[in-house]
Amino acid sequence: MTSLDGPYHNLSVVEVIEETSDSKSFVFAVPDELVERFSYRSGQFLTFRVEVDGHRIVRCYSLASAPNIDSRLKVTVKRVVDGRASNWMNDEVSSGVTLEVMPPAGHFCLRDRETPIVLFGGGSGITPIISIIKTALETTSRSIFLLYANRNDQSIIFKDELSALLSRYPDRLEIVHRLDDVHGFVDSGLVIQHVGPRADADFYICGPGPFMDVVENGLSTLDVTSEQIFIERFESPDASAEAGPVDTSAGTLITIKLDGSETNVEIGEGETILAAARRAGLEAPFACEEAYCGCCMAKVVEGDVDMLMNDGGIDQRQIDEGWVLTCQGIVKGNVRIEYPD
Ligand SMILES: Cc1cc2nc3c(=O)[nH]c(=O)nc-3n(C[C@H](O)[C@H](O)[C@H](O)COP(=O)(O)OP(=O)(O)OC[C@H]3O[C@@H](n4cnc5c(N)ncnc54)[C@H](O)[C@@H]3O)c2cc1C
């Protein structure tokens with residue numbers, strides 16, 4: 001598949017690393033012609049389209065590798081109970097398998113500052129965080145503090161890699177491991193205690209929802225501005241969430257082609273294409289719904305669509321080819337949309 005056919009490219013898995021009993025890392029070879037498109041910043045993620053039980057699903061996985069430090073791209077996938085993609089990746093993907101992948105995206109990245117970096121990682125939330133740590137250690141002189149929460153000692157992903165970094169940078173890196181079975185859950189008091197005098201830091205938070213809430217609550221009591229806080233949410237918005245009533249009386253009808261089937265969907269005034277598709281019961285792909293992941297991209301083959309915003313989820317070349325982010329797509333009259341085959 002070339003970039004003109006759609007946003008996905010084929011990448012081969014060249015190595016699978018068993019990280020813990022419920023997580024594996026997947027290392028990819030990037031062919032020469034795609035090296036530029038797959039260049040990335042620490043903290044970004046890749047979007048995968050996989051087929052599980054006959055259904056195509058799209059999922060994002062953060063890069064745990066760091067550009068110019070690790071020679072290959074690596075993502076780490078932790079099993080989610082009853083989760084479709086995460087278990088399929090862990091069970092079925094071995095070296096030699098080819099996967100459909102979108103180029104890197106995301107804003108959970110380092111910015112140019114000299115202040116300390118304080119990171120809060122929980123479980124698989126360590127993946128973008130370790131990438132940021134490696135790059136910050138290598139390319140800046142900033143001091144780095146990581147609070148890393150896990151259920152127990154066996155579930156610590158990248159334990160050895162983190163301790164190797166500690167040995168290499170003992171004066172700049174500090175890591176506190178918190179284990180639920182030994183120390184209990186992290187609370188706001190602990191967050192405040194560890195931030196200590198570093199209220200001027202940049203803060204990076206990635207982990208389970210309740211963990212991130214606790215960290216945010218702790219930071220909210222300190223003299224920390226929202227510009228200092230970077231958050232990566234792994235949980236997609238609830239696809240089954242009830243959409244509010246939508247007035248479709250204006251009568252605009254759009255045609256959506258997804259997984260080979262066409263469906264006519266009534267779309268309300270100001271409603272996005274994605275929202276209308278989901279309201280109609282279609283399993284249209286999406287993740288961030290904030291115009292930066294690119295998961296929900298589809299091609300406009302007839303009619304006109306405006307995007308409310310584009311936060312890097314789609315590039316100009318794709319826009320010129322007719323692609324839109326459906327989470328931001330507002331139709332201007334009847335249109336026909338096709339999701340990538
Ligand atoms: C930017 C970003 C980066 C990410 N990076 C990583 C990463 O580095 N590593 C990582 O492991 N994960 C990461 N994730 C999370 C990942 O994308 C997936 O969300 C995760 O792997 C779960 O997907 P799944 O298909 O296995 O689970 P799903 O099948 O989507 O299920 C998720 C949960 O919903 C429940 N569920 C599923 N179907 C239904 C249903 N019909 N009704 C009710 N409940 C249901 C399941 O029981 C499960 O608990 C990231 C997410 C984002 C948005």
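Counting starts at 1 for both ligands and their atoms, in listed order. Everything numeric in this text was worked out from a predicted model, so none of it was measured.
Using a 4.0 Å cut-off between charged nitrogen and carboxylate oxygen, Arg56 and Glu283 do not count as a salt-bridge pair. Here Glu271 pairs with Arg279 in a salt bridge; the nearest charged N to carboxylate O distance falls below 4.0 Å. For the pair Glu289 and Arg278, the salt-bridge criterion is met [side-chain N within less than 4.0 Å of a carboxylate O]. A salt bridge does not link Glu161 to Lys159: none of the charged side-chain nitrogens sits closer than 4.0 Å to a carboxylate oxygen.
Between Ser86 and ligand 1, at least one pair of N/O atoms sits closer than 3.5 Å. Remark: ligand 1 and Pro128 share no N or O pair separated by less than 3.5 Å (distance only, no angle test). Considering both main-chain and side-chain atoms, Phe45 never comes within under 3.5 Å of ligand 1 through any nitrogen or oxygen pair.
At least one heavy atom of Val77 sits closer than 4.0 Å to an atom of ligand 1.
Contact annotation: for Val75 versus ligand 1, there are no heavy atoms closer than 4.0 Å. Within the 4.0 Å heavy-atom criterion, both parts of Phe234, backbone and side chain, lie near ligand 1. Of the heavy atoms in Val52, none comes closer than 4.0 Å to ligand 1.
Residue Val81 holds the heavy atom nearest to atom 49 (O) of ligand 1 of all those in Val81, Ile129, Thr127, Ile57. Counting only non-hydrogen atoms, the option in Glu232, Arg233, Arg59 that gets closest to atom 28 (P) of ligand 1 is Arg59.
Residues Phe203 and Phe230 place their aromatic rings such that the two centres sit no closer than 6.0 Å.
Checked against salt bridge (Lys or Arg N to Asp or Glu O under 4.0 Å), Glu174 has the following partners two or more places apart in sequence or in another chain: Arg198. A search for salt bridge (Lys or Arg N to Asp or Glu O under 4.0 Å) contacts involving Asp315 returns Arg37, not counting sequence neighbours.
Under a cutoff of 6.0 Å and an axis angle of 45°, Arg59 and Phe48 do not form a cation-pi pair.
Here is the list of ligand 1 atoms found below 4.0 Å of a heavy atom in Gly83: 24 (P), 26 (O), 27 (O), 28 (P), 29 (O), 31 (O). Listed by number with element, the atoms of ligand 1 under 4.0 Å from a non-hydrogen atom of Ala85 are 24 (P), 25 (O), 26 (O).
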